[in-house]
Amino acid sequence: MQRQESKNYAGARVLILGSYAYPDSFEWHLVDSLRFLGCAVELVHNQKHIDGTRGYLEKALRKTTNLLVREPERRIEAHLLRKISEFSPTVILVILGNQLSPKTMRKIRKRTSAQVVCWCQDHMTTLGRQFIVACGYDAVFLKDRYMLDLFSRMIRSTKFYYLPEACNPRMHRPLEISEKDREVYGCDVMIAGTLAYYRQEILWQLVQQLQGVHLKIWGSKPDWLLDRLPGRHMGRLVHGDDKVRAALAAKICLNTLHYGEVNSLNCRAFEIAGCGGFQLMTRVPTLAEHFEPEVEVATFADIDELVEKATYYLRYPAAAAAIAARGQTRAHRDHTYERRLNELLGIALQ
């Protein structure tokens with residue numbers, strides 16, 4: 001794999017404020033890709049990545065604390081300011097934006113002359129207290145064309161730019177799928193993501209209308225959810241190579257965009273393509289900027305079209321494989337984190 005042109009950013013020192021960087025998380029890919037470009041990188045966690053029995057207790061404690069403490073996001077303030085002094089960044093990259101208070105930003109500005117930018121890689125329902133429009137960032141990068149248009153028209157104190165998510169060719173790439181892998185991950189349709197009611201209703205209708213379809217659901221399932229798809233949820237998330245195996249062993253990788261993705265794509269749009277999986281996804285206008293619909297990914301606009309397309313591609317796997325191959329070529333050529341970060345750094349350091 002050739003190293004992408006890093007322009008003059010190889011010497012940049014980037015401090016990332018984000019969540020825990022477990023393998024295959026957004027933060028993990030940023031750290032990996034910035035280092036691939038030759039940048040010095042440090043990550044400040046605004047929360048722990050916690051699993052297991054102890055994890056449930058810590059999550060409950062954190063939720064309770066967030067309810068009782070008026071400004072829980074400021075708990076990281078002292079640690080963040082200390083890290084800024086120690087690391088001396090040229091760019092501070094804030095992920096999502098709902099964990100950095102404008103009050104903390106004032107202290108950051110007194111501590112450093114580094115450019116402070118935000119990459120809001122989630123949809124508009126996650127904006128929380130709307131810190132993203134109040135912090136006075138040097139630049140805010142949004143993945144939703146609707147949000148970009150709205151904020152650019154209504155808010156002139158911050159510069160907004162379009163920057164979609166991406167794939168990482170060092171992780172989202174083809175793997176040899178063994179017979180054991182096919183036993184674990186093989187199915188007609190797979191989907192990876194949190195199982196909430198909007199997504200579940202779509203899947204339930206698919207199962208009802210496409211009788212006998214073998215569906216596997218990977219991801220988290222809230223304990224409050226009334227499960228209408230018994231036996232289909234696999235009980236765990238898939239990350240890294242397991243995500244690749246799940247994508248490649250399934251005949252169809254279904255991507256039902258969250259309703260908050262008004263005119264944007266989620267990370268799975270790029271990751272599934274990068275892995276080489278055949279993707280059938282919700283059709284939104286911005287999709288055509290990144291993939292050619294029905295040539296590099298297959299799309300649907302409603303449940304009837306979803307059932308129709310799923311039926312067709314289960315019957316004609318060669319057509320699905322050709323689309324998947326073209327989608328992978330496009331993702332690895334145009335939609336890598338290196339490309340996105342070169343664009344981000346180019347604007348931040350201009």
Qualifying side chain to side chain donor-acceptor pair (under 3.5 Å) pairs, either residue in residues 205-215, two or more places apart: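 Applying side chain to side chain donor-acceptor pair (under 3.5 Å) to every pair that reaches into residues 205-215, excluding sequence neighbours, yields nothing.
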Could you check whether any side-chain N or O of [X] sits under 3.5 Å from a backbone N or O of [Y], counting only pairs where one atom can act as donor and the other as acceptor?
X      : Y      : value
Lys143 : Tyr162 : no
Thr282 : Leu257 : yes
Lys216 : Val184 : yes
Thr194 : Ala196 : no
Thr311 : Val307 : yes
Asp144 : Val262 : yes
Arg156 : Ser152 : yes
Thr90  : Arg13  : yes
Gln99  : Leu17  : no

Check whether [X] and [Y] end up in the same hydrophobic cluster, where Ile, Leu, Val, Met, Phe, Trp and Tyr are linked by side-chain heavy atoms less than 4.5 Å apart.
X      : Y      : value
Ile202 : Leu287 : no
Phe300 : Ile272 : no
Val189 : Ile177 : no
Trp218 : Tyr197 : no
Leu306 : Leu229 : yes

Residue pair [X] / [Y], side-chain heavy-atom distance below 4.5 Å:
X      : Y      : answer
Cys118 : Ile132 : yes
Arg199 : Ile217 : no
Ile92  : Gln115 : no
Thr158 : Phe151 : no
Glu261 : Val284 : no
Leu142 : Leu163 : no
Leu96  : Thr126 : yes
Phe160 : Leu148 : yes

Give every donor-acceptor pair under 3.5 Å between a side-chain atom in residues 230-238 and any protein atom, sequence neighbours left out.
| from | atom 1 | to | atom 2 | distance (Å) |
| --- | --- | --- | --- | --- |
| His233 | ND1 | Gly235 | N | 3.0 |
| His233 | NE2 | Gly219 | O | 3.0 |
| Arg236 | NH2 | Tyr185 | OH | 3.1 |

Presence of salt bridge, [Y] and [X], under 4.0 angstrom:
X      : Y      : value
Glu176 : Arg245 : no
Glu292 : Arg330 : no
Arg145 : Glu289 : yes
Arg339 : Glu343 : no
Lys159 : Asp138 : no
Asp302 : Arg283 : no
Arg173 : Asp241 : yes

Which atom pair, heavy atoms only, marks the closest approach of [X] to [Y]?
X      : Y      : result
Ala40  : Phe87  : O-CZ, 3.7 Å
Val117 : Phe141 : CB-CE1, 4.0 Å
Leu210 : Ala310 : CD2-CB, 4.0 Å
Ile84  : Arg111 : CG2-CG, 3.9 Å
Cys120 : Leu127 : SG-CD2, 4.0 Å

In Å and rounded to the nearest 0.5 Å, what is the [atom1] to [atom2] distance from [X] to [Y]?
X      : Y      : atom1 : atom2 : answer
Glu271 : Cys253 : CD    : SG    : 11.5 Å
Leu100 : Cys135 : CG    : SG    : 4.5 Å
Asp181 : Glu183 : CG    : CD    : 9.5 Å
Asn255 : Arg268 : CG    : CZ    : 5.5 Å
Leu254 : Leu215 : CG    : CG    : 8.0 Å
Glu42  : Ser88  : CD    : OG    : 11.0 Å

Whether over 12 other heavy atoms sit under 6.0 Å from [X] [atom1]:
X      : atom1 : result
Glu86  : CD    : yes
Tyr259 : OH    : no
Tyr146 : OH    : no
Gln130 : CD    : no
Arg106 : CZ    : no

- request: Please list, chain by chain and in numerical order, all residues satisfying ring-ring contact (aromatic ring centres under 6.0 Å, His included) with Tyr313, sequence neighbours excluded.
  value: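 Residues passing ring-ring contact (aromatic ring centres under 6.0 Å, His included) with Tyr313: Phe278.
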task: Sequence neighbours left out, what passes ring-ring contact (aromatic ring centres under 6.0 Å, His included) with Phe270? Give chain and number order.
output: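 His290, Phe291, His335.
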- request: Check step by step if side-chain contact (heavy atoms from CB on, under 4.5 Å) holds for Ile252 and Asp188.
  value: CA-CA 6 Å; Ile252 296 174; Asp188 293 328; over 6 Å; no
- prompt: Quick one: which of Glu165, Arg170, His172, Arg340 gives a side chain to side chain contact (heavy atoms under 4.5 Å, CB included) with His29?
  reply: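 That would be His172.
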Result block: side-chain N/O donor-acceptor pairs under 3.5 angstrom for residues 318-329, not counting sequence neighbours:
| from | atom 1 | to | atom 2 | distance (Å) |
| --- | --- | --- | --- | --- |
| Arg326 | NE | Val295 | O | 2.8 |
| Arg326 | NH2 | Val295 | O | 3.3 |
| Gln328 | NE2 | Gly274 | O | 3.0 |
| Thr329 | OG1 | Ala325 | O | 3.2 |

query: With clusters built from Ile, Leu, Val, Met, Phe, Trp and Tyr whose side-chain heavy atoms come within less than 4.5 Å, directly or transitively, what are the remaining members of the cluster of Trp28, listed by chain and number?
result: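 Listed partners: Met171.
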field: Centroid-centroid distance, Tyr22 to His239, less than 6.0 Å
entry: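 That pair passes the under 6.0 Å test.
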- request: Decide yes or no on side-chain contact (heavy atoms from CB on, under 4.5 Å) for Met154 and Val133, but give the supporting numbers first.
  value: CA-CA 10 Å; Met154 302 301 291; Val133 297; over 6 Å; no
- request: Name the orientation class of the two ring planes belonging to Trp119 and Phe26 (parallel below 30°, tilted from 30 to 60°, perpendicular beyond 60°).
  value: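 Ring orientation of Trp119 relative to Phe26: perpendicular.
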